[in-house]
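We count ligands from 1, going down the list as the structure has it; atoms in each ligand are counted the same way.
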Amino acid sequence: MARIGLLTGGGDCPGLNAVIRAVVRKGINTHGHEFVGFKYGWAGVLEADVMPLTHETTSGILHRGGTILGTSRTNVFKQERGLERVQASLETLGLDALIPIGGEDTLGVAGKLSEAGVPVVGVPKTIDNDLAGTDFTFGFQTAVQIATDAIDRLHTTAESHNRVIVVEVMGRHAGWIAAYSGLAGGADVVLVPERPFDIEEVCDRLRRRHAQGRNFSIVVVAEGATPKDGGLMSEFKSTDSFGHVRLGGIAIQLEREIEQRTGFESRMTILGHVQRGGTPLAYDRVLGSRFGVEAIDAASEGDYGKMVALRGTEVVRVPLAEALAEPKLLDPKMFETAEVFFG
Ligand code: F6P
């Protein structure tokens, strides 16, 4: 029997509650553990701010989006005496291990804590699907479905008005959401961070398509896509505590450029946080539950410094360091498949 702390950090993601529920359910029923949940990610760990995690507090949450623990983008190592404060919280609360559920930043902190001797088992989360070490993160499929539903709706209005519609989806380093939703939604152009684009080539594609008699087009762009001549096309300047620029707004500039260069009436839609909100798909509830069960088993065996991961159809454990080395960029084959259907 052990006392274990859970936290959710970084952007929220559909399926977080499924992980929390699975860790607690398996941990209590099979191992007889006790749990606390840290509020608002690493911020709660620094402040020893917790809520009890029991059968009662984790029941009825499987289908709920967001996280019952709250989340934040707090960087322990940007705080004064961050490491000591984390160690002091674990000591005060009598905790034997931590299970952080997060993406590159939250698990990056977990990796450094692990090197400093803190017992951690990580669970990978991000709608962006850009974490190495795992084939998929939970939350990704839900975000793709939301984006695909939106593209379907935008198709009919684009067609009715003879317009080009630019749809901006999330994806900071990687174009997974853009490529999957673009392929599923029948996009005519998909722009991703991995392949800097030439705006004139994009316009040429649209001109060719319209010359062939089509009177509308759908362009899907990942928020982190950049033009070949450089420059982040974000509307914002601010950075978070991990040094990431706030993204969003590339579609505004694309709409203007496409309309000016081609003469085709254009409109843009930025899907933004709607992609992260609401009910998780069954796939993400199942993957989150499988990750949670594996994570608590790893912690119970003292198999620390690991991250649970999906490899093929199996849930396995990989070293945290392996998962954090580089972001997992879009598989070129995936992009080439989406490209077959471009205008
Ligand atoms: O990391 C997931 C993500 O949704 C990114 O795609 C996006 O750039 C970022 O989070 C947005 O973060 P925030 O919710 O803090 O604006």
Side-chain angles (χ1 to χ4, degrees), residues 7-16 19 40-43 65-67 69-75 78 100-111 122-134 136-148 150 167-182 190-194 220-226 231-253 268-278 280-281 284 287-288 307 323-324 326-330:
L7 64 122
T8 52
D12 71 336
C13 182
L16 283 167
V19 181
Y40 300 104
W42 292 116
T67 160
L69 295 176
T71 185
S72 69
R73 295 191 185 278
T74 307
N75 186 347
K78 283 279 164 64
I101 311 165
E104 49 162 350
D105 297 329
T106 303
L107 295 186
V109 169
V123 179
K125 143 301 355 173
T126 165
I127 64 163
D128 289 3
N129 196 38
D130 61 355
L131 258 179
T134 185
F136 285 106
T137 47
F138 67 86
F140 169 65
Q141 299 291 350
T142 302
V144 167
Q145 191 60 53
I146 293 168
T148 303
V167 191
E168 181 177 312
V169 299
M170 282 187 171
R172 170 176 292 280
H173 309 294
W176 290 100
I177 298 176
Y180 267 69
S181 63
V190 175
L191 304 175
V192 296
E194 292 85 346
V220 174
V221 58
E223 61 181 356
T226 50
L232 264 184
M233 291 171 86
S234 171
E235 288 290 294
F236 307 101
K237 299 277 171 276
S238 58
T239 52
D240 66 18
S241 67
F242 293 91
H244 299 308
V245 177
R246 183 174 165 197
L247 294 181
I250 187 170
I252 300 171
Q253 297 168 55
M268 64 83 204
T269 296
I270 300 175
L271 295 184
H273 292 79
V274 76
Q275 293 161 96
R276 291 212 316 238
L281 287 187
D284 289 327
L287 185 58
M307 181 187 86
L324 296 167
E326 291 290 336
K328 184 185 69 194
L329 299 182
L330 178 62

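Atom NZ in Lys125 sits 13.5 Å away from atom OG1 in Thr134 (nearest 0.5 Å). Atom CZ of Phe242 is separated from atom OG1 of Thr74 by 7.5 Å, given to the nearest 0.5 angstrom. Atoms NZ and NE2, on Lys328 and His173 in that order, are 13.0 Å from each other to the nearest 0.5 Å. The CD atom of Gln275 lies 8.0 Å from the CD atom of Glu223; values are rounded to the nearest 0.5 Å.
Tested against Ile101, the residues Leu69, Leu7, Val19 include a single side-chain contact (heavy atoms from CB on, under 4.5 Å) partner, Val19.
Considering only residues two or more places apart in sequence or on other chains, Arg276 meets the salt bridge (Lys or Arg N to Asp or Glu O under 4.0 Å) condition with Asp12.
Contact shell of ligand 1 (protein heavy atoms, cutoff 4.0 Å): Arg73, Ile127, Asp128, Met170, Gly171, Arg172, Glu223, His273, Arg276.
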